[in-house]
Amino acid sequence: MRRVRYEHTGGPLFLEDVPVPAAGPGELLVRTEAIGVTLPVVRKVTEAAEPIPLGGEIAGEVVAVGAGVTRFAAGDRVTGLCFGHGYADHALLNETMASPVPAAASAVDAVALVRGGLVALGALKAARPAPGEAALITGAASGVGHLAVQLAGLQGASRVVGAVSALAPGKAEFVRGLGADEVIAYDSEDWGEPVDYVLDAVGGGLLTPAVAALAPGGRLVAYSSGGGSVRAYDLLVGAKSVIGFQMARNEPGRYERWREELWRLFAEGALRPAVHGEFALEDAARAHAAIESRSNLGKVVLRP
């Protein structure tokens with residue numbers, strides 16, 4: 001089979017031919033049809049001290065199962081988070097990380113919707129939104145952010161503001177097309193009227209203006225791997241709060257309910273995952289460049 005690998009920090013990425021792996025205990029061997037490209041994986045290539053397997057979101061057909069697998073069989077269509085080599089024709093997926101793909105959905109739909117949707121929905125629920133509150137979503141054109149914009153509207157937000165790295169051609173129109181009432185750039189001097197909650201996918205230096213954008217009593221949900229800090233005084237003066245959200249810290253039983261909610265909204269046409277582009281495995285470097293440049297409008301996908 002073919003898989004993408006790199007040998008030192010920063011790449012380059014290259015294709016290699018290796019034997020198809022065998023499914024071990026509790027594992028599914030999946031013939032991949034779509035692979036989601038995410039910023040955390042891109043950062044690992046550019047920042048990790050040692051080369052790591054390029055894993056992440058995959059979707060495809062189960063071709064074999066390992067000992068002890070009870071929920072899936074060969075021929076099933078699944079999606080899930082792969083912690084090994086996921087940028088490949090075939091990948092190993094732990095049964096506990098897998099979920100079925102509905103017959104009406106494609107593999108591309110699955111990688112564009114499920115993992116990003118779980119993060120977006122989880123961050124939104126952490127904000128405890130009340131109907132009629134105003135929301136601000138950073139990274140609004142990203143794979144997670146574009147779903148968060150839609151979900152905030154579906155949860156009854158009175159006003160949804162999308163914040164993006166730059167108002168590049170087409171980006172503001174894309175975010176407005178998702179249902180955002182306003183679109184701002186991170187370097188804007190005026191972020192408009194205060195909002196009740198912020199879902200922040202960026203972190204770093206953006207935390208300060210994001211907290212400043214909150215109305216008194218507002219909540220910022222931080223789910224970025226970008227780090228950053230907030231001054232306690234900035235929270236004190238407005239009785240504001242910061243809430244951290246991480247998928248691994250939630251009860252696993254919630255994920256199935258959240259997945260069902262996402263697929264229901266998808267089936268109803270209320271939630272529309274957008275795909276920026278589909279790249280062949282040999283073009284993985286181009287897919288990473290789209291993420292690094294912040295030019296993507298929606299999900300970036302590899303297709304074996």
Side-chain angles (χ1 to χ4, degrees), residues 113 115-167 171-224 226 228 230 234-235 238-247 250 254 258 261-262 265-266 268 270-274 294 297-299:
L113 175 72
R115 183 67 181 181
L118 287 174
V119 174
L121 187 58
L124 181 61
K125 290 181 181 294
R128 304 182 305 279
E133 289 190 322
L136 187 149
I137 315 296
T138 67
S142 68
V144 174
H146 87 284
L147 297 172
V149 168
Q150 298 176 68
L151 288 167
L154 292 169
Q155 290 289 321
S158 61
R159 178 169 59 97
V160 178
V161 182
V164 295
S165 57
L167 296 178
K171 184 168 279 193
E173 290 80 0
F174 171 74
V175 175
R176 288 195 181 93
L178 302 169
D181 301 286
E182 304 167 31
V183 183
I184 61 170
Y186 299 151
D187 60 359
S188 297
E189 293 185 4
D190 182 6
W191 280 30
E193 293 296 316
V195 298
D196 298 291
Y197 63 92
V198 173
L199 306 184
D200 178 53
V202 180
L206 202 67
L207 287 173
T208 298
V211 168
L214 288 171
R219 296 90 65 200
L220 182 146
V221 178
Y223 65 94
S224 163
V230 176
D234 293 340
L235 302 178
K240 303 173 183 180
S241 59
V242 175
I243 303 160
F245 172 77
Q246 184 184 50
M247 288 285 291
N250 277 267
R254 294 179 181 176
W258 292 356
E261 184 174 351
L262 292 170
L265 292 171
F266 173 81
E268 293 171 354
L271 185 60
R272 309 181 310 277
R294 306 294 197 273
L297 306 179
K299 191 70 177 177

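Predicted model only: the values in this text are computed from it and were never measured.
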Checklist entry - If you measure from CG on Asp196 to CZ on Arg219, what distance do you get to the nearest 0.5 Å? => result 6.0 Å
Next on the checklist: Looking at every heavy atom in both Tyr197 and Leu214, which two are closest together, and how far apart are they?
Outcome noted: CA-CD2, 3.8 Å
Checklist entry - Looking at residues at least two apart in the chain, or sitting in another chain, which of them share a side-chain contact (heavy atoms from CB on, under 4.5 Å) with Leu235? => result Val211, Val230, Lys240, Val242
Item to check | side chain to side chain donor-acceptor pair (under 3.5 Å): pairs with one or both residues in residues 120-130, sequence neighbours excluded | outcome: none
Item to check | CG-CG distance between Leu147 and Leu262, expressed to the nearest 0.5 angstrom | outcome: 8.0 Å
Next on the checklist: Does any part of the side chain of Val144, heavy atoms only, come nearer than 4.5 Å to the side chain of Tyr223, both counted from C-beta?
Outcome noted: yes
Next on the checklist: If you define the side chain from C-beta out and look only at heavy atoms, does anything of Gln155 sit under 4.5 Å from Pro131?
Outcome noted: no
Next on the checklist: Which residues pass the side-chain contact (heavy atoms from CB on, under 4.5 Å) test with Ala274, not counting sequence neighbours?
Outcome noted: His146, Phe174
Checklist outcome for this item: So the side chain to side chain donor-acceptor pair (under 3.5 Å) pairs with at least one residue in residues 200-215 (sequence neighbours excluded) are Thr138-Asp200
Next on the checklist: How close do Ala123 and Leu199 get, counting heavy atoms only, and between which atoms?
Outcome noted: O-CD2, 3.6 Å
Next on the checklist: Can you tell me how far apart CD (Glu261) and CG (Leu154) are? Round to the nearest 0.5 Å.
Outcome noted: 9.0 Å
Item to check | Pairs touching residues 172-184 that satisfy salt bridge (charged side-chain N to carboxylate O under 4.0 Å, His left out), sequence neighbours left out | outcome: Arg159-Glu182
Checklist outcome for this item: For Ser142 and Gly145 the tightest heavy-atom approach is OG-N, 2.9 Å
Checklist entry - Got a sec, which residues hit salt bridge (charged side-chain N to carboxylate O under 4.0 Å, His left out) with Glu189, two or more places apart in sequence or on another chain? => result none
Next on the checklist: Please give me the minimum heavy-atom distance between Ala140 and Val149, naming the atom from each residue.
Outcome noted: CB-CG2, 3.9 Å
Checklist entry - What residues, two or more places apart in sequence or in another chain, satisfy ring pair (Phe, Tyr, Trp, His ring centres under 6.0 Å) together with Phe266? => result Trp263
Checklist entry - Would you say Val198 and Val221 make side-chain contact, with heavy atoms under 4.5 Å? => result no
Next on the checklist: Under the rule for side-chain contact (heavy atoms from CB on, under 4.5 Å), what residues qualify as partners of Ala130, not counting sequence neighbours?
Outcome noted: Glu133
Item to check | Heavy-atom closest contact (Ile243 atom, Ala126 atom, distance) | outcome: CD1-O, 3.5 Å
Checklist outcome for this item: By side-chain contact (heavy atoms from CB on, under 4.5 Å), Ser188 pairs with (sequence neighbours left out) Ile184, Ala185, Trp191
Checklist entry - If you take all heavy atoms of Ala180 and Gly162, which pair is closest and at what distance? => result CB-N, 4.3 Å
Next on the checklist: What I'd like to find out is whether the side chain of Leu220 reaches to under 4.5 Å of the side chain of Ser241, using heavy atoms alone.
Outcome noted: no
